[in-house]
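Atoms within a ligand are numbered from 1 in the order they appear, just like the ligands themselves.
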Amino acid sequence: MKPYLSWGRYPRSNAAQILPLSWASEVPDFNDLSRPVLVYGKGRSYGDVCLNDGGVLLDSSGLDRFIRFDADTGILRCEAGVTLQSILRLILPAGWFLPVTPGTQFVTVGGAIANDVHGKNHHRAGTFGRHVHRFGLLRSDRGEVLCSPEQNKGLFDATIGGLGLTGLILWAEFQLKRVPGPWIEREQIRFEKLEEFFELSAASDENHEYTVAWLDCVSLGNKRAQGIFMRGNHCSTGIHNSAVPNAGRSIRGFDAPEILINRLTMAAFNWVYFHRQWQRIARSTVGFERFFYPLDGIAAWNRLYGRRGFLQYQFVVPNENREAVREILDLLASSREVCTLSVLKVFGAVRSPGLLSFPRPGVTLAMDFPFRGRSTLDLCERFDEMVGKNGGAVYPAKDARMSSESFRAYFPRWTEFSSFLDPRFESDFWRRVVPTRRVSQ
Ligand SMILES: Cc1cc2nc3c(=O)[nH]c(=O)nc-3n(C[C@H](O)[C@H](O)[C@H](O)COP(=O)(O)OP(=O)(O)OC[C@H]3O[C@@H](n4cnc5c(N)ncnc54)[C@H](O)[C@@H]3O)c2cc1C
């Protein structure tokens, strides 16, 4: 049977029942189910927002039909289990692109709305939810409710970034973005200090639609933080302009021995990654998959962390407290944890309608760690304190361990959000951060 894990494979969680959905008409009456319910998209969330231990998981991947695509206006309506990959296959040949995309195309529209995902163009376009016009939400207490900024606005705002807790999104309609083709003009710039990263980011935002940086978190030194800043724009010319480029042949990850990931192997990997670009600035035209989804080329790469899995810690702090990024990196450098991958970006000021949406103006850093038990959790708790002290937040879509106190401090609108919860829906994440609520079993 297909495993219903999250991407980090931590924590382990066993749903009592899996209900695969192929048609909206197949969705059971939630009130007939004796256990709490949650929708599972493609399980690309790292932590436990897509898990429901002892409950029912509704697998939405069979709700994968397109409903309407207007190639003149770029408005697309589809069922919520359609993936971003399927959408790109339909829209790119017609000259359209996703308004916002995360770093993998293997996520569903429902998942993209429920976590209100962001991408490399946050400084221009905000989050995915900002481009959603309307959706149909199936509630256990009201049946199907049409939600838009004009109709049922409260429920609309709560569902965007609502962590799947306001009901089942059946379908959604959103606005695409015109592009000249599938190619991206990319510039990669080496930097050696955080200050340089901030300068590059500020100088790039106006003329570049996409910006992000890879940071070498293994060779952090006194005031040193080297990395590669990447910026890009859609362009009309490519190597084979008529073909839709792809990232190359996919290889498959396996359950690697944990010993493979250590400071030495990561230092060697990062050294090669940083120095393979010998010029300070490298320019190239690349296919969209290579630019947006470099990790998708390795299927199941999450298994390379071994059976214990891994954690991603993604936080944001306001621009005026960006020194906190340095302090968190110092804390990391003084610990024994190994950060395998780290991505840095400055979010813009475009607001999302979502009540619990994570992105806000400031600097965001995402760091991956092999899960080693207490020591990894302790380090993340120390990060939490700094993030909290600096008025920041941690991203629920990537989280498997934040405390209830931290969640309430990072997302002060959670009480307002709570009034929109579907009474039959719960998740492992929600039971952890708001432990009082229970669907009777
Ligand atoms: C390699 C990689 C890169 C990533 N990069 C980014 C990034 O750049 N930016 C970013 O924001 N995120 C990023 N993510 C995280 C990912 O985009 C989100 O976790 C996304 O929400 C996963 O979608 P999914 O379809 O797999 O949903 P799942 O992970 O299965 O579920 C996510 C949430 O959505 C809810 N949900 C799913 N479908 C429905 C539905 N139909 N109705 C109601 N609720 C529903 C679930 O209950 C759950 O709460 C990345 C993940 C990976 C693995």
*Do other residues, nucleotides or ligands put more than 12 heavy atoms under 6.0 Å from the CZ atom of Arg351?*
no
_Using the ring-ring contact (aromatic ring centres under 6.0 Å, His included) criterion, which residues pair with Phe274? Sequence neighbours excluded._
none
_Distance to the ring centre below 6.0 angstrom and angle to the axis at most 45 degrees; does that hold for Arg360 and Phe411?_
yes
*Check each of Tyr10, Tyr46, Tyr305 against Phe371 using the ring-ring contact (aromatic ring centres under 6.0 Å, His included) test, and report the only one that passes.*
Tyr10
_Given Phe174, which partner from the list Phe128, Phe69, Phe135, Trp96 fulfils the ring-ring contact (aromatic ring centres under 6.0 Å, His included) test?_
Phe128
*Taking only heavy atoms of the protein into account, state which residues are under 4.0 angstrom from an atom of ligand 1, in chain and number order.*
Trp7, Leu38, Val39, Tyr40, Gly41, Lys42, Gly43, Arg44, Ser45, Tyr46, Val49, Cys50, Ala80, Pro102, Gly103, Thr104, Val107, Thr108, Gly110, Gly111, Ala114, Asn115, Val117, His118, Leu163, Gly164, Gly167, Leu168, Ile169, Trp301, Tyr395, Ala397, Lys398
*So Tyr313 and Phe315, would you call those rings parallel, tilted or perpendicular, with 30° and 60° as cut-offs?*
tilted
